[in-house]
Amino acid sequence: MQEILYERELNERQLEVVQSVDGPILVLAGAGSGKTKSIIYRCAYLLKEKRVAPWNILVVTFTNKAARELQERLEKLLEFPTRSLWVGTFHSVCSRILRQESANLPFHSNFSIYDDDNQLSVLKKIYKEQNIDKAKVPMGRVQNGISRYKNRLMLPEDLQARKDELDDKEGYFSKFLKIYTLYQQQLLLNQALDFDDILLYTAKLLQTNEPVRAKYQKLFQYVMIDEYQDTNQAQFQIVYQIAREHHRVCVVGDDDQAIYSFRGASIRNILEFEKDYPGVRSIRLEQNYRSTTAILELANAIIKQNRMRHPKELWSELGQGEKPRLCSYKDENEEASRIAEEINILRAKGTSLNQIAVLYRTNAQSRVFEYALMQARIPYSIVGSLYFYQRKEIKDFLGYLAALSNSSDNEALLRIINEPPRGIGTTSVNHLISYAGKNRISLYQAMHSADEVPGLQTAARTKISAFSAKLESWRKLVHSVPVLDLVKTVLEELDLVALYNASKDPKELARAENLVEFVTSVSEFAERFTSENERAPLLADYLPFVALQTGLDQVRESMESVRLMTLHNCKGLEFDSVFIAGLEEELLPHRMSMGTREEIEEERRLFYVGVTRARKRLFISYAKFRRLYDSFYFTKPSLFIQELEPYLFAGEDIDPGIQAAPRRVPKIKHKIREDQKFWRIGQTVYHKEYGKGMILNVDGEGSDATLTISFAAGKLAKIKGSFLQTEPD
DNA sequence: CTCCAGATTATTTTT
DNA sequence: TAATCTGGAG
């Protein structure tokens, strides 16, 4: 067996990370400083030199893909398989624990996992039943609130106890709490957990159940957590409960890359690590092995503007390199097509498309790039959005699988009960629902005894019984037949592919194709699973996998393509050439996140994360005019650009307006506007670029109003009031 | 029960 | 703008 040359492969600090295995360690790892490598070598060191059994090691990564890559690289390094190592995301590790420990929990081991859409449809039902006005109690806010409380380990009963402490003027909180309570009941009734529940129940279980905790403390002798700056309170508790006795915990993170506070992540976890685990050894990795100096200079200058951080500077030995380019364009279409042109130039020079990424703040921005790249005949793939699994036909089919696996999952059953249409309409379904409710049985059971359900038409009764029998026949296969065969059987008997193919609508035809592709994806999963576990996967192996699958996990490496993704999704990746688009006020920083200094700093970190993805070439751009939904906006270059010294960029395309921009930047909180004006139709107004115009229509008030203007120059545009003046300059 | 068309409404980031 | 919802006709 080959010896591993730790000293040769690692720098001094990295070596320290690898070899300090006995106490708590905090690794503050700058972008591109080789933290993944350190984690891999640390695993190798534990397994090979310290003879630790693989199942005694827990490594938590940020994505499933990162977990897979870590495992692959480790096996290559060690030259032996390490399958029983626990590597995965918090969600996948926890769902595994919950399935194992279901005897101690209020749900079965085959619980369903509910995504956002499922969550919303449960909420919708509650709103309807309770007659709640969604204008008064916005659903999105409730959904958010539930998530926030769960991340802080608070279930409805915990809130109930503290209700009196809160002042509840509008009665909003009482309403929220009622909804939260019903929501949680509904989920339990369906034997379903949402994403946050997976963490919450694991944390609570470890906190309150001594024997279970002892079991996992003993099992996970060594714990490593990547991206620790993005862990929330629930995740903190999980780690803490496991490691609080032995303290053999190694966390890796970078406060400058914390970008998930909206998900409850708290920088506290990294800043107070030393309080939680006394005797911590802190190690800093600052040498960057990824980017040229020119890029790092920009990155350092950006992040230096943040106040709340551990001061540090990235440096590398990769040479000065090309200065980043800053370009401004007329509008978002020109921005996209010019980026496509640049990509073609890079391609002509021989750059692999896989080494090019286009980054943006919001998912909606991807559309323009898709169009421009298509026009330029450049293949691309969107990383991160779960396009495939969000398609209706795929979700429907997954609904079948969920209903077969978990007969309590009423959500899933309702989704498919009349899909494809089989003559079981709303009226019949409502009869079933009320019968199920009265008798405290699941919808599935109600269907089974359709003969006893009052109110049903004879035709409906027959159809329900037939469908119920069909489901029952598939259910018999669930535990005995490999998932791939089950999928094929169900798909064939439903005859969905033929059904969609019969249509003339190209949309429907695409659905047929997608279903075929779905089968391919299941068979890919089955193949990998079989080689890892030496048996074919059952439905119960597949469902948790798809539910926790993220868009980040499924990029087809084989295809040469430019990667499009949001700034959030680019974390942990690197590319030779990176384009960051849309550096405009209200887009980056985003208008929803510029209220407080904290929010602005997080947006700035987002920009920083994007910049530090680039190895050799970096292009930053903004549009002077942007179209959003049905209106037009004149934009201002982002604060994050204005605050930078121009020398950091290659000069060519800089808008002269920028260089003259003031260095000390405006106060953040919404500026008091002298222009809380009153607009009226027919009024004459002036615009910086378009000149004189007349208001044709007013929507809203003051500077927030959207105005339709006819300009003297002949142009018609919808413009925000804040961009207009009542007097000429 | 099903289908279609017009109305409505939501627009940050994600496991 | 585009995706989803609702209501009414067949």
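Nothing here was measured: the structure is a model prediction, and the numbers come from that model. Within every chain, numbering begins at 1; the chains are lettered A, B, ... in the order of the sequence lines, protein sequences first and strands thereafter.
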- Please state whether the base of dT12(B) and the side chain of Arg591(A) form at least one donor-acceptor pair under 3.5 Å? no
- Any side-chain heavy atom of His91(A) sitting closer than 4.5 Å to one from Leu199(A)? yes
- Could you give the distance separating dT13(B) and dT4(C) at their P atoms, to the nearest angstrom? 15 Å
- Item | Nearest-neighbour nucleotide for the Thr566(A) side chain, dT14(B), dT12(B), dT15(B) considered | dT14(B)
- Task: Flag the pair Phe111(A) / Leu105(A) as yes when at least one side-chain heavy-atom distance between them is below 4.5 Å, and no otherwise.
- Result: no
- Does a side-chain N or O from Asn569(A) land closer than 4.0 Å to OP1 or OP2 of dT14(B), or not? yes
- What is the distance, rounded to the nearest whole Å, between atom CG of Asn144(A) and atom C1' of dT13(B)? 11 Å
Between the protein and nucleotides 4-10 of chain C, which nitrogen or oxygen pairs come in under 3.5 angstrom?
residue: dC5(C); atom: OP1; partner: Lys124(A); partner atom: NZ; Å: 2.6

- Message: How many whole angstroms separate atom CZ of Phe262(A) from atom P of dT14(B)?
- Response: 6 Å
- Partners passing salt bridge (charged side-chain N to carboxylate O under 4.0 Å, His left out) against Glu599(A) (at least two apart in sequence or in another chain): none
- Query: When all nucleic acid strands are considered with a 4.0 Å heavy-atom cut-off, which category describes Arg367(A): base, sugar-phosphate, or nothing?
  - Reply: sugar-phosphate
- Item | Beyond-backbone contact of Tyr201(A) with Ile97(A), side-chain heavy atoms, under 4.5 angstrom | no
- Message: Can you classify the ring geometry of Trp86(A) versus Phe220(A) as parallel (below 30°), tilted (30 to 60°) or perpendicular (above 60°)?
- Response: perpendicular
- Kindly indicate whether the side chain of Arg361(A) and the base of dT12(B) share any N or O donor-acceptor pair separated by less than 3.5 Å? yes
- Query: Separation of Gln143(A) atom CD from dT15(B) atom C1', in whole Å?
  - Reply: 13 Å
- Given atom CG of Leu359(A) and atom P of dT13(B), what is their separation to the nearest angstrom? 14 Å
- Where the side chain of Ser593(A) is defined as all heavy atoms beyond and including C-beta, which of dT15(B), dT12(B), dT14(B) is the nearest nucleotide? dT12(B)
- Between dT13(B) (C1') and Ile600(A) (CD1): distance, integer Å: 15 Å
- Query: Under the salt bridge (charged side-chain N to carboxylate O under 4.0 Å, His left out) test, which residues partner Lys204(A), sequence neighbours left out?
  - Reply: Asp158(A)
- Would you please classify the geometry between the Tyr149(A) ring and the Tyr180(A) ring as parallel, tilted or perpendicular, with 30° and 60° separating the classes? parallel
- Query: With sequence neighbours left out, what residues match Asp396(A) under salt bridge (charged side-chain N to carboxylate O under 4.0 Å, His left out)?
  - Reply: Lys392(A), Arg415(A)
Distances under 3.5 Å only, N/O to N/O: pair up the protein atoms with those of nucleotides 1-7 of chain B.
residue: dC1(B); atom: OP1; partner: Gly425(A); partner atom: N; Å: 2.8
residue: dC1(B); atom: OP1; partner: Ser428(A); partner atom: OG; Å: 3.0
residue: dC1(B); atom: OP2; partner: Thr427(A); partner atom: N; Å: 3.4
residue: dC1(B); atom: OP2; partner: Thr427(A); partner atom: OG1; Å: 2.7
residue: dT2(B); atom: OP1; partner: Gly423(A); partner atom: N; Å: 3.0
residue: dT2(B); atom: OP2; partner: Asn418(A); partner atom: ND2; Å: 2.7

- Task: Figure out the CG/P separation between Asp230(A) and dT13(B), and round it to whole Å.
- Result: 17 Å
- Item | Atom-pair distance (CE on Met139(A); P on dA10(B)), nearest Å | 10 Å
- Note on the structure: Applying side-chain contact (heavy atoms from CB on, under 4.5 Å) to Gln130(A) and not counting sequence neighbours gives Ile126(A), Ile132(A), Lys178(A), Leu182(A)
- Query: Which whole-number value in Å describes the distance from Glu585(A) CD to dT12(B) P?
  - Reply: 17 Å
- Just checking, Arg263(A) and Phe195(A): is the charged tip under 6.0 Å from the six-membered ring centre and within 45° of the axis? no
- Message: Between Asn232(A) and dT15(B), is there a contact of a side-chain N or O with OP1 or OP2 at under 4.0 Å?
- Response: no
